[in-house]
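Below you'll find the structure, written out as structure tokens, and then a few comments.
So you know, we letter chains A, B, ... as the sequences are listed, proteins then strands, and number each from 1.
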Amino acid sequence: MSKEITARAVDYSQWYNDLVLKGGLADYSAVKGCMVIKPYGFALWENMRDVLDKMFKDTGHQNAYFPLLIPKSFLSKEAAHVEGFAKECAVVTHYRLKNDPNGGGVVVDPEAKLEEELIIRPTSETIIWNTYKDWIQSYRDLPLLINQWANVVRWEMRTRLFLRTAEFLWQEGHTAHATEAEAVEEAQKMMEVYATFAENYLALPVIRGTKSESERFAGAVDTYCIEALMQDGKALQAGTSHFLGQNFAKAFDVQFTGKDNKLEYVWATSWGVSTRLVGALVMAHSDDEGLVMPPRVAPIQVVIVPIYKGDDQKKVLDERIGALVQELKQAGIRVKYDDNDNSRPGWKFAEYELKGVPVRLAIGPRDLENGVAEVARRDTREKANLPLEGLAARIQDLLEEIQHNLYQKALHFQETHVTQVDDFETFQKVLDEKGGFVSAPWDGTAETEEKIKELTKATIRCIPLNNPKEGGKDMLTGKPSAERVLFARAY
RNA sequence: CGGGAUGUAGCGUAGUCCGGUCAUCGCGCCUGGUUUGGGACCAGGAGGUCGCAAGUUCGAAUCUUGCCAUCCCGACCA
């Protein structure tokens, strides 16, 4: 069949591509490095977005929108920041096209060169802090808690659907605070929001931690992160939250007058998650039959497939199933009744399995006689006949059970893929043969971290929160180590 | 951005070395009919600038050059 997907064991990368493309989440586009998010994939993102948006608002944030284009000079104001992003910025140099005098279509009008070139935002710290300067004068203006939903562009050399594309969708929170402690607390709080979201909605267990200096966001004092583990044993950074100190306040001269009438620089945070979460979701739960969607964010939670011979039976089914659809909708369930007569039940079964719909109901005349529906769950692929009477409530429970089951499965995988090692030889062996996180003592230097990366391709994913301080020896250098950190090969 | 591979109808493909009724086959699509409890069947039909652009040639899917896109492996990164 044309919809067949490559098995994980055969080619994991191809399996992932097959799921995204054949599952209808996204397509390649005519533009290098950019993808088209298709309706089914976008519906998934919208569900994620809606939940996160509510969580942000519940923690006191407001949405705003800042420009896509940023004056080039802004980027250079914060030294570490420009260093981090300069290499991947798209630049707008002209503002007009004209007909090619040689008849070759349109060309850039050389007379329309911009005085100051504009960069397409790779992130918005600079334009936002330039704006905050005008918004903040007094401690009464603080804290300033803003989020924006936006697209950003980072000119990546190698792209992968959802995981790394030149343009992607995300949200970026940018907050300003009167004290350092309050800003740190905000950064930690938002990391916790992300972790809660990943675990409760994406059924994706994550490890909370901080980044080592070399993995830190360009311009941050501290980067908090949530790290997830994919089925191939590679780690994936699922969200980051940065304590920016006063770096941007100083770069953009954002000061406020305190109660004591003294001028002070504000303390800042920024935090973001992106459409990359879609990739994380796909790789964490799906199987060789196709996508597996966690019910809480699944675009379609329940699909109903009618089984009938002839129009008469169809009519009877339409009526009964129509009532059931209403019942399910009233229970807040996202349901689709697929009564398309052009494809047969078997085809639909396979199609919705590929799309990862958590629950499928098949209902035919036989079922109506018995007052039941055949209920199939995507996660375990089990089927059962359940009474139509009170079905909505049963389905609600079932969706929660599936959500929970997916989380438990992923959690078990994660827990069994954190390996403690103390020597470098074992470290390499675990990475090659088992994958996952490797917890190993590290001497705390960037040099050692770099050396380990060169030798093994593994990086420090995070220093877990509340990490026990245990004396030891660095597995590579033998130098004193204050604590274990988590290494992994990563996306 | 370096190395390797690929690009023929919506999808998957034959043909490319050796230029000349070669645009092949399957799925899908449209029409009609029979069907419908795990990817239906019959009959008829539509659909292709052979990735794009130059060039070589009497003649190019096929040869040459450039470009575009995708995949895999590196370096870089969410």
Side-chain angles (χ1 to χ4, degrees), chain A residues 1-4 6 11-14 16-18 20-22 27-35 83-89 104-105 122-123 152-172 194 211 214-218 223 225-228 235-242 270-280 289-290 305-311 313-314 317 338-354 360-368 370 372-374 376 381 383 385 453-454 457 459 461 490-491:
Chain A
M1 280 288 125
S2 61
K3 284 282 180 86
E4 204 157 289
T6 307
D11 185 341
Y12 191 85
S13 296
Q14 194 54 49
Y16 174 77
N17 287 332
D18 285 352
V20 171
L21 296 169
K22 293 174 182 172
D27 260 338
Y28 294 116
S29 76
V31 186
K32 192 189 185 90
C34 297
M35 66 174 173
E83 171 74 22
F85 285 107
K87 284 171 292 184
E88 46 188 5
C89 284
T123 178
V152 289
V153 169
R154 296 181 186 175
W155 213 261
E156 299 292 347
M157 291 302 134
R158 189 175 168 193
T159 55
R160 304 197 62 188
L161 294 165
F162 286 111
L163 298 176
R164 177 165 295 109
T165 47
E167 179 189 10
F168 57 93
L169 305 182
W170 77 346
Q171 57 71 217
E172 45 181 326
Y194 288 155
K211 287 292 186 187
S214 45
E215 294 280 327
R216 201 172 284 159
F217 174 74
T223 288
C225 63
I226 56 171
E227 293 284 326
L236 185 137
Q237 178 174 304
T240 50
S241 178
H242 317 289
S270 69
W271 27 274
V273 295
S274 71
T275 37
R276 182 178 232 205
L277 287 176
V278 173
E289 312 301 321
V305 176
I307 290 156
Y308 56 90
K309 294 183 170 72
D311 287 345
Q313 288 191 354
K314 174 78 168 30
L317 283 170
D338 187 351
D339 66 342
N340 183 349
D341 192 48
N342 294 325
S343 29
R344 299 168 78 256
W347 191 90
K348 292 176 185 174
F349 293 172
E351 183 66 13
Y352 291 108
E353 275 162 20
L354 171 61
R360 180 189 70 229
L361 305 183
I363 302 177
R366 208 166 70 202
D367 301 304
L368 288 192
N370 299 328
V372 298
E374 183 194 80
R381 313 196 73 209
K383 291 186 207 175
N385 287 316
K453 185 180 171 186
E454 268 174 40
K457 311 279 180 227
T459 50
R461 299 322 303 156
Y491 278 96

Determine the Euclidean distance between corresponding [atom1] atoms of [M] and [N]; express it in Å to zero decimal places.
N: B:U16; M: B:U62; atom1: P; value: 12 Å
N: B:G39; M: B:G28; atom1: C1'; value: 12 Å
N: B:U8; M: B:A69; atom1: C1'; value: 16 Å
N: B:G37; M: B:G10; atom1: P; value: 31 Å
N: B:G12; M: B:C22; atom1: P; value: 26 Å
N: B:A9; M: B:G15; atom1: P; value: 15 Å
N: B:A75; M: B:U49; atom1: C1'; value: 38 Å
N: B:G4; M: B:A23; atom1: C1'; value: 30 Å

Practice task
Assign the ring pair A:F217 / A:H242 to parallel, tilted or perpendicular, where the plane angle (0 to 90°) is split at 30° and 60°.
Solution key: parallel
Exercise for the section: Please determine if a side-chain N or O atom of A:Y308 lies less than 4.0 Å away from the OP1 or OP2 oxygen of B:U35. Expected result: no
Practice task
Report yes if a side-chain nitrogen or oxygen of A:R344 is closer than 4.0 Å to either non-bridging phosphate oxygen (OP1 or OP2) of B:A40; otherwise report no.
Solution key: yes
Report the base-pairing partner of [N] (Watson-Crick or G-U wobble, both distances below 3.5 angstrom), or none.
N: B:G47; answer: none
N: B:A14; answer: none
N: B:G38; answer: none
N: B:C52; answer: B:G66
N: B:G2; answer: B:C73
N: B:U24; answer: none
N: B:A9; answer: none

Problem - Residue closer to the 5' end of RNA chain B, A:K348 versus A:K32 (nearest nucleotide) - result: A:K348
Within the 4.0 Å heavy-atom criterion, would you say [X] contacts the bases, only the backbone, or no part of the nucleic acid?
X: A:N17; value: sugar-phosphate
X: A:A30; value: sugar-phosphate
X: A:P122; value: nothing
X: A:E156; value: base
X: A:T165; value: base

Handout entry: Minimum-distance nucleotide (side-chain atoms of A:K383 versus B:G38, B:C71, B:A75)
Key = B:G38
Practice task
Flag this pair as yes if the NZ/CZ of A:R164 is under 6.0 angstrom from the six-membered ring centre of A:Y491 and inside a 45 degree cone about the axis; otherwise no.
Solution key: no
